[in-house]
**Student:** 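Would you mind keeping the following structure in view while I ask a few things?
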Amino acid sequence: MVASSSSDTEPVQVEIFPSRFLTPQTAQRLLNDIYRCGGVRRIMIQGPNLPRKVSYGPGKGLPIEEHQDLVLQIGEEAIELKVQVGRIRLELAGEEYIPKVEAACERALPFSFSIKRGRFFRETSTISDYAKYGRNIEDRRILGLIDPKAKKDKLTVLSEPSCDTNEE
Amino acid sequence: MAYTPQYYPGTSSVDINRRKHMSGNVEKLRDIPEADVVLTMGHRLPGADYPSTHPPLKEIGEPACPVRELVAPTPGAAAGDRVRYSQFADSMYFGTSIPYWRSYYGAINCRGCDPGTLSGRQIIEARERDIEDYTKVIMDSEMFDPALAQMKGCTVHGHSLRLQENGMMFDMLARTEMGKDGNVYQVKDQVGIPLDKKLNLGKPMSEAEAKKRTTIFRTDGVSMDGKVGARKMDEALEALIHMWELRTKWGYRPE
């Protein structure tokens, strides 16, 4: 997910690592809380795949009803959830947003979690990026967000949030 | 004096549990109906005849052989049943019986079976009526926990992943679900084919109970080594760490 935001300081990247996998409801609550904090330039959610069909064995091809129609409503965007959310990587517009993200995690997560700073998104393009996007990438924030070889577009662009949870 | 096998060394709870699993002296914690075990395995419908691959041994007329006379065939072999399997995956978050101990249990206690050990799952193959009996014993005992051990015939992902919010091991095919009454229900067979009815597997163990019954060493449970661990640092462990270091940093080159 890409959101536009501006800050006077340098962008920072953080990784939220919950001690449990999140249900779609908890993931939606957390992502909305983070989104409302503002300052989010990039979000990547990662976790094990939730297949729509049984892919192997005697039941191959049978639909997995539990994984159908999993949708996250983030702001005004509906995002199809294809993974069990286990890790969230963020690029924030500045350091001042990190405490807000921590507060959002404490509000949304009913179990322990860790947040660490680091560099989690690529800044240089790979050969696969070049094959998909060409030489001149208009918005370099897409680098490191998605697998350039993915068959489906998994990128969602969010607009600037209109409210701030700190006032709640 | 009768011989008592000594299966495994150590005095920690993990060592004791490992000995219990190897000896087959496991505690029965629940009683899952035999029909539910058969449905979960998914090889045949409960009450249906056992398909066979050969006539009963009595009808075949076996050749004279001292070993055959000495070793009585299992009921499944005597009847000529097909070979079928059950496969379990155990969470590394204090799963009840990590793969090698399921295999030890099978190899030592289950006649006519073929255990196979993999990193995150363990399969036992045997004649159909034999494997049904063995699987029921396993699922009724402390070797099984509805949340941390699941029968997964395929797509076994989950052993090394974090648990879900409700404390269940991740399952890509959603074969089990946590009911509102706190019981875990089997909703699909081990290969992900939906069942006609939900099968009650009982309540999952609490975290303390799982830690008490687990066979896995963990730093946040019973540690394998260290000052309070089950093993004292000895020459073998130091050599192992040395080999690991060589492998990790430079590739293993014994010269």
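Convention: sequence-line order gives letters A, B, ...; per-chain numbering from 1. In this text, all values refer to a predicted model and were calculated from it rather than measured experimentally.
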**Student:** Please tell me if the side chains of B:Met172 and A:Leu50 come closer than 4.5 Å, counting only heavy atoms from C-beta onward.
**Tutor:** no

**Student:** With a sphere of 6.0 Å drawn around CZ of A:Phe120, does it hold more than 12 non-hydrogen atoms of other residues, nucleotides or ligands?
**Tutor:** yes

**Student:** Under 4.5 Å, counting heavy-atom pairs only, tell me which of A:Gly59, A:Ser55, A:Pro48 racks up the most with chain B.
**Tutor:** A:Pro48

**Student:** Measure the spacing between CG of A:Leu62 and CD1 of B:Ile193 and express it to the nearest 0.5 Å.
**Tutor:**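 CD1 of B:Ile193 is found 6.0 Å from CG of A:Leu62.
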
**Student:** Which atoms of A:Leu22 are under 4.5 Å from chain B, going by heavy atoms: the side chain, the backbone, both sets, or neither?
**Tutor:**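 Contact with chain B is through both the backbone and side chain of A:Leu22.
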
**Student:** Can you sort out the partners of B:Asp145 under salt bridge (charged side-chain N to carboxylate O under 4.0 Å, His left out), two or more places apart, ordered by chain and number?
**Tutor:**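 Scan of B:Asp145 (salt bridge (charged side-chain N to carboxylate O under 4.0 Å, His left out), adjacent residues dropped) gives none.
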
**Student:** Measure B:Asn166 against the heavy atoms of chain A and call it side chain, backbone, both or neither at under 4.5 Å.
**Tutor:** backbone

**Student:** Is NZ or CZ of B:Arg162 both nearer than 6.0 Å to the six-membered ring centre of A:Phe17 and within 45° of the ring axis?
**Tutor:** yes

**Student:** When you check the gap from the basic side-chain N to the acidic O, do A:Glu66 and B:Arg175 get nearer than 4.0 Å?
**Tutor:**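 No, no charged N to carboxylate O under 4.0 Å.
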
**Student:** Non-hydrogen atoms of chain B under 4.5 Å away: do they reach the side chain of A:Phe111, the backbone, both or neither?
**Tutor:** side chain

**Student:** Closest heavy-atom contact between B:Cys154 and A:Tyr56?
**Tutor:** SG-O, 3.5 Å

**Student:** Just verifying a value: how many Å separate A:Arg20 CZ and B:Phe170 CZ, rounded to the nearest 0.5 Å?
**Tutor:** 15.0 Å

**Student:** Counting neighbours of CD on A:Gln73 that are heavy atoms of other residues, nucleotides or ligands and sit closer than 6.0 Å, is the number greater than 12?
**Tutor:** yes

**Student:** Top residue by heavy-atom pair count (under 4.5 Å) with chain B, among A:Gly57, A:Pro18, A:Gly47, A:Pro110?
**Tutor:** A:Pro18

**Student:** Taking the side chain as every heavy atom from C-beta outward, state whether B:Lys188 and A:Ile64 have any pair of such atoms under 4.5 Å apart.
**Tutor:** yes

**Student:** Out of curiosity, A:Lys53 NZ to B:Leu173 CG, how far, rounded to the nearest 0.5 Å?
**Tutor:**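 Here the interatomic distance stands at 13.5 Å.
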
**Student:** Decide if atom CG of B:Asp49 counts as having more than 12 heavy atoms of other residues, nucleotides or ligands within a radius under 6.0 Å.
**Tutor:** no

**Student:** So, B:Gln164 and A:Thr23: side-chain donor and acceptor under 3.5 Å apart, yes or no?
**Tutor:**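 Judged by distance alone, the side chains do not pair up.
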
**Student:** Taking everything shown except B:Asp220 itself, do over 12 heavy atoms lie less than 6.0 Å from its CG?
**Tutor:** yes

**Student:** Tell me, yes or no, whether the heavy-atom count around B:Lys203 atom NZ, taken from other residues, nucleotides or ligands under 6.0 Å, exceeds 12.
**Tutor:** yes

**Student:** Between atom CZ of A:Phe21 and atom CG of B:Leu161, what is the distance when rounded to the nearest 0.5 Å?
**Tutor:** 4.5 Å

